[in-house]
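Report on the structure given below.
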Number of protein chains: 2
Amino acid sequence: MTLVGTLSEPNLLIKKLELYTRLSCREKAVLERLSAGPVRLYQPRESIIRQGEPPEVVNLFRQGWACRFKDLPNGRRQVVSFLLPGDLCDLNVFVLRQMDHSIEAITAVSVAPIARAEFEMITAEYPRITQALWWDALVTNAIQREWTTNIGQRDAGARVGHLLCELFIRLRAVGLTTGSSCAFPLTQALISEATGLTNVHVNRTIQRLRTLGLVSIKERRLAIPDLEALMEFSMFETNYLHLDHEGRHLDAND
Amino acid sequence: MTLVGTLSEPNLLIKKLELYTRLSCREKAVLERLSAGPVRLYQPRESIIRQGEPPEVVNLFRQGWACRFKDLPNGRRQVVSFLLPGDLCDLNVFVLRQMDHSIEAITAVSVAPIARAEFEMITAEYPRITQALWWDALVTNAIQREWTTNIGQRDAGARVGHLLCELFIRLRAVGLTTGSSCAFPLTQALISEATGLTNVHVNRTIQRLRTLGLVSIKERRLAIPDLEALMEFSMFETNYLHLDHEGRHLDAND
DNA sequence: CGACGCGTTGAATTTACTCAATTAGAGTGG
DNA sequence: CCACTCTAATTGAGTAAATTCAACGCGTCG
(Lines give C-alpha, C1' and ligand atoms only; values in the text may rest on other atoms or scores of the structure.)
Protein backbone atom coordinates (compact mmCIF):
# COMPACT_ATOMS: atom_id res chain seq x y z
CA MET A 1 0.00 0.00 0.00
CA THR A 2 1.23 3.46 -0.88
CA LEU A 3 0.23 6.84 0.46
CA VAL A 4 0.00 9.72 -1.98
CA GLY A 5 -1.40 13.23 -2.00
CA THR A 6 -4.70 14.52 -3.21
CA LEU A 7 -6.25 13.37 -6.46
CA SER A 8 -8.98 15.16 -8.29
CA GLU A 9 -11.50 12.96 -9.96
CA PRO A 10 -15.22 13.47 -9.91
CA ASN A 11 -16.56 12.30 -6.57
CA LEU A 12 -18.63 9.23 -7.26
CA LEU A 13 -19.89 8.90 -3.72
CA ILE A 14 -21.78 12.15 -4.21
CA LYS A 15 -23.09 10.93 -7.52
CA LYS A 16 -24.28 7.75 -5.93
CA LEU A 17 -25.91 9.34 -2.90
CA GLU A 18 -27.79 11.69 -5.21
CA LEU A 19 -29.54 8.67 -6.65
CA TYR A 20 -31.28 8.69 -3.30
CA THR A 21 -31.80 12.37 -2.56
CA ARG A 22 -30.60 15.73 -3.83
CA LEU A 23 -27.85 17.23 -1.72
CA SER A 24 -27.21 20.92 -1.19
CA CYS A 25 -24.04 22.59 -2.43
CA ARG A 26 -22.79 22.83 1.08
CA GLU A 27 -23.33 19.15 1.70
CA LYS A 28 -21.57 18.26 -1.50
CA ALA A 29 -18.68 20.46 -0.51
CA VAL A 30 -18.38 18.60 2.78
CA LEU A 31 -18.33 15.26 1.00
CA GLU A 32 -15.76 16.57 -1.47
CA ARG A 33 -13.53 17.60 1.35
CA LEU A 34 -13.94 14.25 3.05
CA SER A 35 -12.59 12.35 0.16
CA ALA A 36 -10.06 14.91 -0.99
CA GLY A 37 -7.45 14.00 1.59
CA PRO A 38 -4.47 11.77 1.03
CA VAL A 39 -5.16 8.57 -0.80
CA ARG A 40 -4.00 5.02 -0.30
CA LEU A 41 -2.99 3.03 -3.34
CA TYR A 42 -3.11 -0.73 -3.62
CA GLN A 43 -1.77 -3.03 -6.29
CA PRO A 44 -3.84 -5.76 -7.91
CA ARG A 45 -4.19 -8.71 -5.49
CA GLU A 46 -2.93 -6.62 -2.63
CA SER A 47 -4.79 -7.10 0.62
CA ILE A 48 -6.66 -4.06 1.94
CA ILE A 49 -7.82 -5.62 5.18
CA ARG A 50 -7.81 -9.17 6.43
CA GLN A 51 -10.23 -11.36 8.30
CA GLY A 52 -9.47 -11.16 12.04
CA GLU A 53 -7.92 -7.70 11.95
CA PRO A 54 -9.59 -4.73 13.64
CA PRO A 55 -11.06 -2.23 11.16
CA GLU A 56 -9.47 1.18 11.51
CA VAL A 57 -11.02 3.59 9.04
CA VAL A 58 -13.98 3.88 6.75
CA ASN A 59 -12.68 3.41 3.24
CA LEU A 60 -14.10 5.34 0.33
CA PHE A 61 -13.19 3.64 -2.93
CA ARG A 62 -12.19 6.22 -5.50
CA GLN A 63 -10.73 4.21 -8.33
CA GLY A 64 -10.49 0.58 -9.25
CA TRP A 65 -12.28 -2.60 -8.21
CA ALA A 66 -11.93 -4.65 -5.07
CA CYS A 67 -13.64 -7.69 -3.59
CA ARG A 68 -14.85 -8.73 -0.20
CA PHE A 69 -14.44 -12.43 0.51
CA LYS A 70 -14.51 -15.09 3.17
CA ASP A 71 -11.97 -17.86 3.48
CA LEU A 72 -13.09 -21.34 4.37
CA PRO A 73 -11.21 -24.00 6.33
CA ASN A 74 -11.08 -26.17 3.22
CA GLY A 75 -9.04 -23.62 1.32
CA ARG A 76 -11.81 -22.32 -0.91
CA ARG A 77 -13.16 -18.83 -0.67
CA GLN A 78 -16.40 -17.05 -1.43
CA VAL A 79 -16.42 -13.57 -2.88
CA VAL A 80 -19.41 -11.95 -1.18
CA SER A 81 -19.34 -8.58 -2.92
CA PHE A 82 -17.50 -6.36 -5.31
CA LEU A 83 -16.48 -2.84 -4.35
CA LEU A 84 -16.70 -0.26 -7.12
CA PRO A 85 -15.69 3.40 -7.28
CA GLY A 86 -17.94 5.46 -5.02
CA ASP A 87 -18.46 2.59 -2.59
CA LEU A 88 -17.92 2.91 1.13
CA CYS A 89 -16.89 0.04 3.29
CA ASP A 90 -16.29 -0.92 6.87
CA LEU A 91 -18.81 1.28 8.57
CA ASN A 92 -18.42 -1.34 11.25
CA VAL A 93 -15.20 0.36 12.28
CA PHE A 94 -17.00 2.07 15.13
CA VAL A 95 -18.64 -1.06 16.41
CA LEU A 96 -17.03 -4.38 15.61
CA ARG A 97 -13.70 -5.46 17.00
CA GLN A 98 -12.60 -7.72 14.22
CA MET A 99 -13.28 -8.25 10.56
CA ASP A 100 -15.15 -11.42 9.68
CA HIS A 101 -14.01 -11.18 6.07
CA SER A 102 -11.16 -9.81 3.97
CA ILE A 103 -10.94 -7.17 1.26
CA GLU A 104 -8.51 -7.31 -1.60
CA ALA A 105 -7.74 -5.13 -4.60
CA ILE A 106 -8.61 -6.56 -8.02
CA THR A 107 -7.19 -3.76 -10.15
CA ALA A 108 -5.01 -0.92 -8.97
CA VAL A 109 -7.17 0.74 -6.34
CA SER A 110 -7.16 4.17 -4.77
CA VAL A 111 -8.94 4.60 -1.50
CA ALA A 112 -9.66 7.67 0.61
CA PRO A 113 -9.63 6.72 4.28
CA ILE A 114 -12.13 8.65 6.37
CA ALA A 115 -11.37 9.11 10.03
CA ARG A 116 -13.81 8.50 12.80
CA ALA A 117 -13.98 12.14 13.82
CA GLU A 118 -14.98 13.29 10.36
CA PHE A 119 -17.67 10.73 10.24
CA GLU A 120 -19.08 11.77 13.57
CA MET A 121 -19.03 15.39 12.52
CA ILE A 122 -21.15 14.53 9.52
CA THR A 123 -23.70 12.48 11.35
CA ALA A 124 -23.98 15.22 13.94
CA GLU A 125 -24.35 18.14 11.57
CA TYR A 126 -25.67 16.91 8.24
CA PRO A 127 -28.81 14.85 8.69
CA ARG A 128 -29.49 14.62 4.97
CA ILE A 129 -26.06 13.13 4.33
CA THR A 130 -26.51 10.81 7.27
CA GLN A 131 -29.79 9.65 5.83
CA ALA A 132 -28.14 9.09 2.47
CA LEU A 133 -25.36 7.07 4.09
CA TRP A 134 -28.00 4.95 5.77
CA TRP A 135 -29.57 4.42 2.38
CA ASP A 136 -26.23 3.29 1.04
CA ALA A 137 -25.73 0.84 3.90
CA LEU A 138 -29.23 -0.58 3.49
CA VAL A 139 -28.76 -1.01 -0.24
CA THR A 140 -25.54 -2.87 0.49
CA ASN A 141 -27.57 -5.28 2.60
CA ALA A 142 -30.20 -5.61 -0.05
CA ILE A 143 -27.48 -6.53 -2.52
CA GLN A 144 -26.18 -9.14 -0.14
CA ARG A 145 -29.65 -10.69 0.14
CA GLU A 146 -29.92 -10.72 -3.63
CA TRP A 147 -26.58 -12.51 -3.89
CA THR A 148 -27.82 -15.16 -1.48
CA THR A 149 -30.87 -15.53 -3.69
CA ASN A 150 -28.82 -15.55 -6.86
CA ILE A 151 -26.57 -18.37 -5.71
CA GLY A 152 -29.39 -20.27 -4.08
CA GLN A 153 -31.96 -20.22 -6.85
CA ARG A 154 -30.61 -19.42 -10.29
CA ASP A 155 -28.92 -21.85 -12.65
CA ALA A 156 -25.46 -21.07 -13.94
CA GLY A 157 -26.58 -19.04 -16.97
CA ALA A 158 -28.96 -16.77 -15.09
CA ARG A 159 -26.59 -16.58 -12.16
CA VAL A 160 -23.67 -15.26 -14.13
CA GLY A 161 -25.99 -13.06 -16.20
CA HIS A 162 -27.49 -11.60 -13.05
CA LEU A 163 -24.08 -10.69 -11.70
CA LEU A 164 -23.18 -8.98 -14.95
CA CYS A 165 -26.45 -7.02 -14.95
CA GLU A 166 -25.85 -5.86 -11.41
CA LEU A 167 -22.31 -4.71 -12.04
CA PHE A 168 -23.27 -2.93 -15.24
CA ILE A 169 -26.18 -1.13 -13.63
CA ARG A 170 -24.19 -0.14 -10.57
CA LEU A 171 -21.45 1.23 -12.77
CA ARG A 172 -23.95 3.03 -14.96
CA ALA A 173 -25.45 4.62 -11.86
CA VAL A 174 -22.16 6.39 -11.18
CA GLY A 175 -21.46 7.18 -14.81
CA LEU A 176 -18.81 4.57 -15.46
CA THR A 177 -20.38 3.01 -18.52
CA THR A 178 -20.09 4.01 -22.18
CA GLY A 179 -23.19 3.14 -24.12
CA SER A 180 -23.73 -0.57 -23.66
CA SER A 181 -20.27 -1.37 -22.39
CA CYS A 182 -18.03 -0.85 -19.40
CA ALA A 183 -14.59 -1.67 -18.08
CA PHE A 184 -14.56 -5.18 -16.70
CA PRO A 185 -11.48 -6.41 -14.85
CA LEU A 186 -12.96 -9.62 -13.44
CA THR A 187 -11.34 -12.88 -14.39
CA GLN A 188 -13.47 -15.96 -14.86
CA ALA A 189 -11.88 -17.30 -11.69
CA LEU A 190 -13.23 -14.34 -9.73
CA ILE A 191 -16.65 -14.73 -11.27
CA SER A 192 -16.60 -18.34 -10.21
CA GLU A 193 -15.68 -17.44 -6.65
CA ALA A 194 -18.53 -14.93 -6.56
CA THR A 195 -21.17 -17.24 -8.01
CA GLY A 196 -20.24 -20.47 -6.29
CA LEU A 197 -19.48 -22.18 -9.60
CA THR A 198 -16.19 -23.64 -10.82
CA ASN A 199 -14.06 -21.65 -13.21
CA VAL A 200 -14.52 -24.34 -15.84
CA HIS A 201 -18.26 -24.10 -15.61
CA VAL A 202 -18.18 -20.31 -15.66
CA ASN A 203 -16.13 -20.49 -18.80
CA ARG A 204 -18.70 -22.66 -20.54
CA THR A 205 -21.52 -20.55 -19.21
CA ILE A 206 -20.03 -17.34 -20.57
CA GLN A 207 -19.50 -19.02 -23.90
CA ARG A 208 -23.17 -19.84 -23.95
CA LEU A 209 -24.14 -16.27 -23.06
CA ARG A 210 -21.86 -15.13 -25.86
CA THR A 211 -23.40 -17.54 -28.34
CA LEU A 212 -26.84 -16.32 -27.35
CA GLY A 213 -25.67 -12.80 -28.16
CA LEU A 214 -26.34 -11.65 -24.61
CA VAL A 215 -22.87 -10.55 -23.59
CA SER A 216 -19.43 -10.03 -24.94
CA ILE A 217 -16.33 -9.88 -22.76
CA LYS A 218 -13.04 -9.09 -24.35
CA GLU A 219 -9.98 -7.05 -23.61
CA ARG A 220 -11.17 -6.33 -20.10
CA ARG A 221 -14.43 -4.84 -21.32
CA LEU A 222 -17.96 -6.06 -20.90
CA ALA A 223 -20.57 -5.27 -23.54
CA ILE A 224 -24.27 -6.00 -23.11
CA PRO A 225 -25.89 -5.33 -26.48
CA ASP A 226 -29.44 -5.75 -25.15
CA LEU A 227 -29.64 -5.16 -21.42
CA GLU A 228 -33.37 -5.83 -21.31
CA ALA A 229 -32.82 -9.23 -22.86
CA LEU A 230 -30.06 -10.14 -20.41
CA MET A 231 -32.20 -8.99 -17.49
CA GLU A 232 -35.07 -11.12 -18.68
CA PHE A 233 -32.79 -14.10 -19.20
CA SER A 234 -31.26 -13.65 -15.75
CA MET A 235 -34.49 -12.90 -13.88
CA PHE A 236 -32.99 -9.59 -12.91
CA GLU A 237 -35.26 -7.06 -11.22
CA THR A 238 -33.75 -3.68 -10.49
CA ASN A 239 -35.83 -2.89 -7.41
CA TYR A 240 -33.32 -4.23 -4.88
CA LEU A 241 -30.81 -1.57 -5.90
CA HIS A 242 -33.29 1.13 -4.82
CA LEU A 243 -32.04 3.52 -7.47
CA ASP A 244 -35.24 5.42 -8.10
CA HIS A 245 -34.69 8.44 -5.97
CA GLU A 246 -36.60 7.06 -3.01
CA GLY A 247 -35.52 9.93 -0.78
CA ARG A 248 -36.98 12.61 -3.01
CA HIS A 249 -39.06 13.98 -0.15
CA LEU A 250 -35.78 15.02 1.45
CA ASP A 251 -34.39 16.81 -1.61
CA ALA A 252 -32.37 19.95 -1.01
CA ASN A 253 -33.57 23.07 -2.76
CA ASP A 254 -30.37 24.85 -3.65
CA MET B 1 -52.98 -10.22 12.12
CA THR B 2 -54.43 -9.54 15.56
CA LEU B 3 -53.77 -6.73 17.99
CA VAL B 4 -53.65 -7.56 21.67
CA GLY B 5 -52.55 -5.87 24.85
CA THR B 6 -49.30 -6.07 26.71
CA LEU B 7 -47.52 -9.36 27.26
CA SER B 8 -44.87 -9.94 29.81
CA GLU B 9 -42.09 -12.24 28.77
CA PRO B 10 -38.43 -11.65 29.38
CA ASN B 11 -37.15 -9.13 26.88
CA LEU B 12 -34.81 -10.98 24.58
CA LEU B 13 -33.70 -7.90 22.72
CA ILE B 14 -32.04 -6.70 25.90
CA LYS B 15 -30.48 -10.08 26.44
CA LYS B 16 -29.13 -10.04 22.93
CA LEU B 17 -27.77 -6.50 23.03
CA GLU B 18 -25.96 -7.31 26.25
CA LEU B 19 -23.92 -9.83 24.33
CA TYR B 20 -22.35 -6.73 22.88
CA THR B 21 -22.18 -4.34 25.83
CA ARG B 22 -23.56 -4.02 29.32
CA LEU B 23 -26.53 -1.69 29.54
CA SER B 24 -27.49 0.42 32.54
CA CYS B 25 -30.71 -0.17 34.45
CA ARG B 26 -32.14 2.96 32.97
CA GLU B 27 -31.33 1.86 29.44
CA LYS B 28 -32.87 -1.52 30.05
CA ALA B 29 -35.98 0.14 31.39
CA VAL B 30 -36.28 2.18 28.22
CA LEU B 31 -35.98 -0.92 26.09
CA GLU B 32 -38.51 -2.73 28.27
CA ARG B 33 -40.95 0.07 27.78
CA LEU B 34 -40.36 0.08 24.05
CA SER B 35 -41.43 -3.47 23.63
CA ALA B 36 -44.08 -3.51 26.29
CA GLY B 37 -46.72 -1.82 24.18
CA PRO B 38 -49.49 -3.59 22.30
CA VAL B 39 -48.47 -6.61 20.34
CA ARG B 40 -49.37 -7.89 16.91
CA LEU B 41 -50.07 -11.58 16.50
CA TYR B 42 -49.64 -13.55 13.31
CA GLN B 43 -50.69 -17.07 12.45
CA PRO B 44 -48.32 -19.60 10.91
CA ARG B 45 -47.84 -18.78 7.19
CA GLU B 46 -49.42 -15.39 7.64
CA SER B 47 -47.67 -12.60 5.82
CA ILE B 48 -46.11 -9.88 7.98
CA ILE B 49 -45.00 -7.63 5.17
CA ARG B 50 -44.78 -8.15 1.45
CA GLN B 51 -42.29 -7.30 -1.25
CA GLY B 52 -43.24 -3.98 -2.84
CA GLU B 53 -45.05 -2.57 0.18
CA PRO B 54 -43.71 0.40 2.12
CA PRO B 55 -42.31 -0.52 5.54
CA GLU B 56 -44.19 1.22 8.35
CA VAL B 57 -42.71 0.27 11.69
CA VAL B 58 -39.68 -1.40 13.15
CA ASN B 59 -40.78 -4.80 14.30
CA LEU B 60 -39.37 -6.42 17.41
CA PHE B 61 -39.98 -10.14 17.38
CA ARG B 62 -41.07 -11.30 20.81
CA GLN B 63 -42.22 -14.86 20.25
CA GLY B 64 -42.13 -17.35 17.44
CA TRP B 65 -40.14 -17.76 14.25
CA ALA B 66 -40.47 -15.93 10.95
CA CYS B 67 -38.59 -15.89 7.67
CA ARG B 68 -37.49 -13.25 5.23
CA PHE B 69 -37.63 -14.36 1.61
CA LYS B 70 -37.48 -13.21 -1.97
CA ASP B 71 -39.81 -14.40 -4.70
CA LEU B 72 -38.46 -15.12 -8.15
CA PRO B 73 -40.23 -14.75 -11.48
CA ASN B 74 -40.02 -18.52 -11.99
CA GLY B 75 -42.17 -19.17 -8.93
CA ARG B 76 -39.40 -20.34 -6.62
CA ARG B 77 -38.36 -18.43 -3.57
CA GLN B 78 -35.23 -18.03 -1.50
CA VAL B 79 -35.40 -17.71 2.25
CA VAL B 80 -32.62 -15.24 3.05
CA SER B 81 -32.89 -15.24 6.83
CA PHE B 82 -34.78 -16.49 9.82
CA LEU B 83 -36.12 -14.12 12.45
CA LEU B 84 -35.97 -15.36 16.00
CA PRO B 85 -37.26 -13.92 19.29
CA GLY B 86 -35.30 -10.79 20.18
CA ASP B 87 -34.66 -9.91 16.54
CA LEU B 88 -35.42 -6.51 15.08
CA CYS B 89 -36.32 -6.01 11.49
CA ASP B 90 -37.01 -3.32 8.95
CA LEU B 91 -34.74 -0.59 10.24
CA ASN B 92 -35.08 0.54 6.64
CA VAL B 93 -38.46 1.96 7.53
CA PHE B 94 -36.95 5.43 7.80
CA VAL B 95 -35.13 5.26 4.51
CA LEU B 96 -36.43 2.89 1.88
CA ARG B 97 -39.74 3.37 0.10
CA GLN B 98 -40.50 -0.21 -0.65
CA MET B 99 -39.61 -3.64 0.61
CA ASP B 100 -37.45 -5.73 -1.71
CA HIS B 101 -38.43 -8.90 0.13
CA SER B 102 -41.27 -10.37 2.17
CA ILE B 103 -41.56 -11.57 5.74
CA GLU B 104 -43.84 -14.37 6.83
CA ALA B 105 -44.63 -16.07 10.11
CA ILE B 106 -43.48 -19.68 10.46
CA THR B 107 -45.02 -20.41 13.85
CA ALA B 108 -47.48 -18.22 15.71
CA VAL B 109 -45.57 -14.96 16.08
CA SER B 110 -45.95 -12.01 18.38
CA VAL B 111 -44.37 -8.76 17.34
CA ALA B 112 -43.99 -5.44 19.13
CA PRO B 113 -44.13 -2.62 16.58
CA ILE B 114 -41.90 0.31 17.46
CA ALA B 115 -42.86 3.70 16.12
CA ARG B 116 -40.51 6.06 14.41
CA ALA B 117 -40.69 8.66 17.18
CA GLU B 118 -39.62 6.21 19.84
CA PHE B 119 -36.73 5.13 17.78
CA GLU B 120 -35.56 8.64 17.21
CA MET B 121 -35.85 9.39 20.90
CA ILE B 122 -33.52 6.50 21.63
CA THR B 123 -30.92 7.38 19.07
CA ALA B 124 -30.97 10.94 20.32
CA GLU B 125 -30.73 10.22 24.02
CA TYR B 126 -29.16 6.81 24.54
CA PRO B 127 -25.87 6.50 22.68
CA ARG B 128 -25.01 3.17 24.23
CA ILE B 129 -28.27 1.66 23.03
CA THR B 130 -27.78 3.22 19.64
CA GLN B 131 -24.35 1.67 19.42
CA ALA B 132 -25.79 -1.69 20.42
CA LEU B 133 -28.48 -1.40 17.75
CA TRP B 134 -25.77 -0.68 15.20
CA TRP B 135 -23.99 -3.79 16.38
CA ASP B 136 -27.19 -5.76 15.84
CA ALA B 137 -27.60 -4.40 12.34
CA LEU B 138 -23.99 -5.13 11.44
CA VAL B 139 -24.24 -8.66 12.76
CA THR B 140 -27.33 -9.12 10.62
CA ASN B 141 -25.22 -8.20 7.60
CA ALA B 142 -22.44 -10.48 8.67
CA ILE B 143 -24.96 -13.31 8.87
CA GLN B 144 -26.16 -12.51 5.38
CA ARG B 145 -22.61 -12.70 4.06
CA GLU B 146 -22.15 -16.01 5.77
CA TRP B 147 -25.32 -17.32 4.14
CA THR B 148 -23.99 -16.31 0.75
CA THR B 149 -20.82 -18.20 1.59
CA ASN B 150 -22.72 -21.17 2.93
CA ILE B 151 -24.78 -21.61 -0.20
CA GLY B 152 -21.91 -20.82 -2.51
CA GLN B 153 -19.22 -23.05 -1.07
CA ARG B 154 -20.45 -25.84 1.17
CA ASP B 155 -21.83 -29.17 0.02
CA ALA B 156 -25.27 -30.24 1.14
CA GLY B 157 -24.18 -31.88 4.38
CA ALA B 158 -22.07 -29.02 5.66
CA ARG B 159 -24.59 -26.50 4.36
CA VAL B 160 -27.50 -27.89 6.30
CA GLY B 161 -25.27 -28.53 9.31
CA HIS B 162 -24.04 -24.96 9.22
CA LEU B 163 -27.57 -23.62 9.24
CA LEU B 164 -28.45 -25.79 12.22
CA CYS B 165 -25.35 -24.63 14.11
CA GLU B 166 -26.21 -21.01 13.47
CA LEU B 167 -29.79 -21.32 14.62
CA PHE B 168 -28.82 -23.27 17.70
CA ILE B 169 -26.15 -20.79 18.71
CA ARG B 170 -28.37 -17.78 18.08
CA LEU B 171 -31.09 -19.32 20.18
CA ARG B 172 -28.63 -20.22 22.90
CA ALA B 173 -27.42 -16.64 22.95
CA VAL B 174 -30.87 -15.50 24.05
CA GLY B 175 -31.45 -18.40 26.39
CA LEU B 176 -33.85 -20.39 24.23
CA THR B 177 -32.02 -23.69 24.34
CA THR B 178 -32.23 -26.47 26.91
CA GLY B 179 -28.97 -28.36 27.20
CA SER B 180 -28.15 -29.61 23.73
CA SER B 181 -31.60 -29.12 22.25
CA CYS B 182 -34.03 -26.40 21.23
CA ALA B 183 -37.43 -25.88 19.72
CA PHE B 184 -37.24 -26.28 15.99
CA PRO B 185 -40.30 -25.44 13.89
CA LEU B 186 -38.64 -25.54 10.47
CA THR B 187 -39.94 -28.02 7.93
CA GLN B 188 -37.57 -29.67 5.52
CA ALA B 189 -39.19 -27.59 2.81
CA LEU B 190 -38.18 -24.38 4.59
CA ILE B 191 -34.67 -25.66 5.12
CA SER B 192 -34.49 -26.38 1.42
CA GLU B 193 -35.65 -22.88 0.54
CA ALA B 194 -33.02 -21.44 2.85
CA THR B 195 -30.15 -23.56 1.60
CA GLY B 196 -30.90 -23.62 -2.11
CA LEU B 197 -31.37 -27.37 -2.12
CA THR B 198 -34.46 -29.38 -2.98
CA ASN B 199 -36.62 -30.77 -0.23
CA VAL B 200 -35.83 -34.28 -1.38
CA HIS B 201 -32.14 -33.66 -1.10
CA VAL B 202 -32.50 -31.99 2.27
CA ASN B 203 -34.37 -35.02 3.47
CA ARG B 204 -31.56 -37.35 2.44
CA THR B 205 -28.98 -34.97 3.85
CA ILE B 206 -30.64 -34.83 7.24
CA GLN B 207 -30.89 -38.59 7.28
CA ARG B 208 -27.16 -38.72 6.75
CA LEU B 209 -26.52 -36.23 9.55
CA ARG B 210 -28.74 -38.37 11.75
CA THR B 211 -26.89 -41.54 10.83
CA LEU B 212 -23.60 -39.83 11.62
CA GLY B 213 -25.03 -39.03 15.04
CA LEU B 214 -24.62 -35.31 14.45
CA VAL B 215 -28.22 -34.18 14.80
CA SER B 216 -31.62 -35.41 15.71
CA ILE B 217 -34.81 -33.65 14.69
CA LYS B 218 -38.09 -34.95 15.96
CA GLU B 219 -41.33 -33.61 17.29
CA ARG B 220 -40.37 -30.07 16.38
CA ARG B 221 -37.19 -30.22 18.41
CA LEU B 222 -33.59 -30.13 17.30
CA ALA B 223 -30.94 -31.89 19.35
CA ILE B 224 -27.22 -31.56 18.68
CA PRO B 225 -25.49 -34.10 20.90
CA ASP B 226 -21.99 -32.83 20.09
CA LEU B 227 -22.02 -29.25 18.90
CA GLU B 228 -18.25 -29.15 18.42
CA ALA B 229 -18.45 -32.12 16.12
CA LEU B 230 -21.24 -30.60 14.04
CA MET B 231 -19.35 -27.32 13.82
CA GLU B 232 -16.26 -29.12 12.62
CA PHE B 233 -18.27 -31.12 10.11
CA SER B 234 -20.01 -27.97 8.83
CA MET B 235 -16.93 -25.72 8.79
CA PHE B 236 -18.74 -23.47 11.21
CA GLU B 237 -16.76 -20.64 12.78
CA THR B 238 -18.57 -18.56 15.36
CA ASN B 239 -16.72 -15.31 14.75
CA TYR B 240 -19.23 -13.89 12.27
CA LEU B 241 -21.88 -13.77 14.97
CA HIS B 242 -19.67 -11.39 16.97
CA LEU B 243 -20.98 -12.74 20.26
CA ASP B 244 -17.91 -12.17 22.40
CA HIS B 245 -18.81 -8.94 24.06
CA GLU B 246 -16.95 -6.79 21.55
CA GLY B 247 -18.37 -3.60 23.01
CA ARG B 248 -17.00 -4.24 26.50
CA HIS B 249 -15.20 -0.90 26.48
CA LEU B 250 -18.61 0.72 26.50
CA ASP B 251 -19.99 -1.26 29.44
CA ALA B 252 -22.27 0.56 31.84
CA ASN B 253 -21.23 0.50 35.47
CA ASP B 254 -24.52 0.27 37.30
C1' DC C 1 13.23 -18.43 -23.96
C1' DG C 2 10.54 -19.85 -20.00
C1' DA C 3 7.26 -18.84 -16.47
C1' DC C 4 2.90 -17.38 -15.48
C1' DG C 5 -1.87 -16.00 -15.66
C1' DC C 6 -5.91 -16.70 -18.02
C1' DG C 7 -9.02 -18.79 -21.05
C1' DT C 8 -10.40 -23.01 -23.20
C1' DT C 9 -11.37 -28.00 -24.16
C1' DG C 10 -12.44 -33.12 -23.30
C1' DA C 11 -13.93 -36.97 -20.71
C1' DA C 12 -15.34 -39.16 -16.62
C1' DT C 13 -17.63 -38.56 -12.36
C1' DT C 14 -20.57 -36.92 -8.84
C1' DT C 15 -23.77 -34.22 -6.76
C1' DA C 16 -28.04 -32.71 -6.72
C1' DC C 17 -32.51 -32.44 -9.21
C1' DT C 18 -36.97 -34.20 -11.14
C1' DC C 19 -40.90 -36.81 -11.09
C1' DA C 20 -43.82 -39.83 -8.98
C1' DA C 21 -45.44 -42.55 -5.43
C1' DT C 22 -45.73 -43.95 -0.63
C1' DT C 23 -45.80 -43.49 4.42
C1' DA C 24 -46.56 -41.10 8.74
C1' DG C 25 -48.82 -37.96 11.68
C1' DA C 26 -51.99 -34.38 13.13
C1' DG C 27 -56.38 -32.53 12.94
C1' DT C 28 -61.45 -32.66 11.52
C1' DG C 29 -65.96 -34.01 11.35
C1' DG C 30 -69.44 -37.55 11.22
C1' DC D 1 -63.79 -44.21 17.07
C1' DC D 2 -62.86 -44.10 12.33
C1' DA D 3 -62.83 -42.21 7.74
C1' DC D 4 -61.10 -38.20 5.53
C1' DT D 5 -57.89 -34.53 4.65
C1' DC D 6 -53.67 -32.13 4.82
C1' DT D 7 -49.13 -31.44 5.51
C1' DA D 8 -44.65 -33.26 6.09
C1' DA D 9 -41.35 -36.79 5.64
C1' DT D 10 -39.61 -40.54 2.98
C1' DT D 11 -38.28 -43.65 -0.91
C1' DG D 12 -36.89 -45.12 -5.73
C1' DA D 13 -35.36 -44.52 -10.29
C1' DG D 14 -33.87 -41.80 -14.02
C1' DT D 15 -31.83 -37.39 -15.47
C1' DA D 16 -29.42 -33.24 -15.68
C1' DA D 17 -26.35 -29.89 -14.00
C1' DA D 18 -22.10 -28.93 -12.35
C1' DT D 19 -17.57 -30.73 -10.75
C1' DT D 20 -13.09 -32.82 -11.17
C1' DC D 21 -8.88 -33.62 -13.31
C1' DA D 22 -5.86 -32.95 -16.79
C1' DA D 23 -4.14 -30.86 -20.69
C1' DC D 24 -3.42 -27.26 -24.07
C1' DG D 25 -3.29 -22.55 -26.35
C1' DC D 26 -2.15 -17.91 -26.06
C1' DG D 27 -0.36 -13.61 -24.79
C1' DT D 28 2.58 -10.96 -21.57
C1' DC D 29 6.45 -10.01 -19.11
C1' DG D 30 11.02 -10.50 -17.07
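Worth saying up front: this structure is predicted, and the values here are computed from it rather than measured. Numbers restart at 1 for each chain; the letters A, B, ... are given by sequence-line order, proteins then strands.
- Side-chain N or O atoms of Thr178(B) include none that pairs as donor or acceptor with a backbone N or O of Ser181(B) at under 3.5 Å.
- Cation-pi geometry between Arg221(A) and Phe184(A) is not met: the NZ or CZ atom fails to fall both under 6.0 Å from the ring centre and inside 45° of the normal.
- Nearest heavy-atom pair, Gln144(B) versus Ser81(B), reported as atom, atom and distance to 0.1 Å: OE1-CB, 4.3 Å.
- In this structure, CD of Gln188(B) is placed 12 Å from C1' of dT7(D), rounded to the nearest angstrom.
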Under 3.5 Å, N/O pairs linking protein and nucleotides 23-29 of chain C:
none

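- Of the inter-residue distances, the one linking Asn150(B) atom CG with Gln78(A) atom CD reads 10.0 Å to the nearest 0.5 angstrom.
- Here the CZ atom belonging to Arg170(B) is positioned 5.0 Å from the CG atom belonging to Asp87(B), to the nearest 0.5 angstrom.
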Which is it for Ile106(B) and Leu190(B) under the side chain to side chain contact (heavy atoms under 4.5 Å, CB included) test, yes or no, and what are the steps along the way? CA-CA 9 Å; Ile106(B) 294 172; Leu190(B) 270 169; 3.8 Å; yes
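- Outside the 6.0 Å centre-distance limit, the rings of Tyr240(A) and Trp147(A) are not counted as a close aromatic pair.
- Residue Gln153(B) contributes atom CD, which lies 15 Å from atom P of dA18(D) at whole-angstrom precision.
- If you take CD1 of Ile206(A) and C1' of dT8(C), they are 12 Å apart, rounded to a whole angstrom.
- Regarding Glu193(B), its CD atom lies at a distance of 12 Å from the P atom of dA9(D), rounded to whole Å.
- A distance-only check finds no donor-acceptor pair linking the side chain of Arg68(B) to the backbone of Ile103(B) [under 3.5 Å].
- The shortest heavy-atom contact between Gln98(B) and His242(A) is O-CE1, 3.2 Å.
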Atom pairs under 3.5 Å: protein N/O with N/O of nucleotides 23-28 of chain D:
none

At under 4.0 Å between heavy atoms, how does the protein contact nucleotides 9-22 of chain C? Give one character per nucleotide, 5' to 3', with B, S or -. BBB----SBBB---
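- In this structure, Thr107(A) and Pro185(A) approach most closely via the heavy-atom pair CG2-CB, 3.3 Å.
- The interatomic distance linking Leu190(B) (CG) with dA8(D) (C1') rounds to 11 Å, in whole Å.
- Atom OG of Ser234(A) sits about 12.0 Å away from atom CZ of Arg159(A), to the nearest 0.5 Å.
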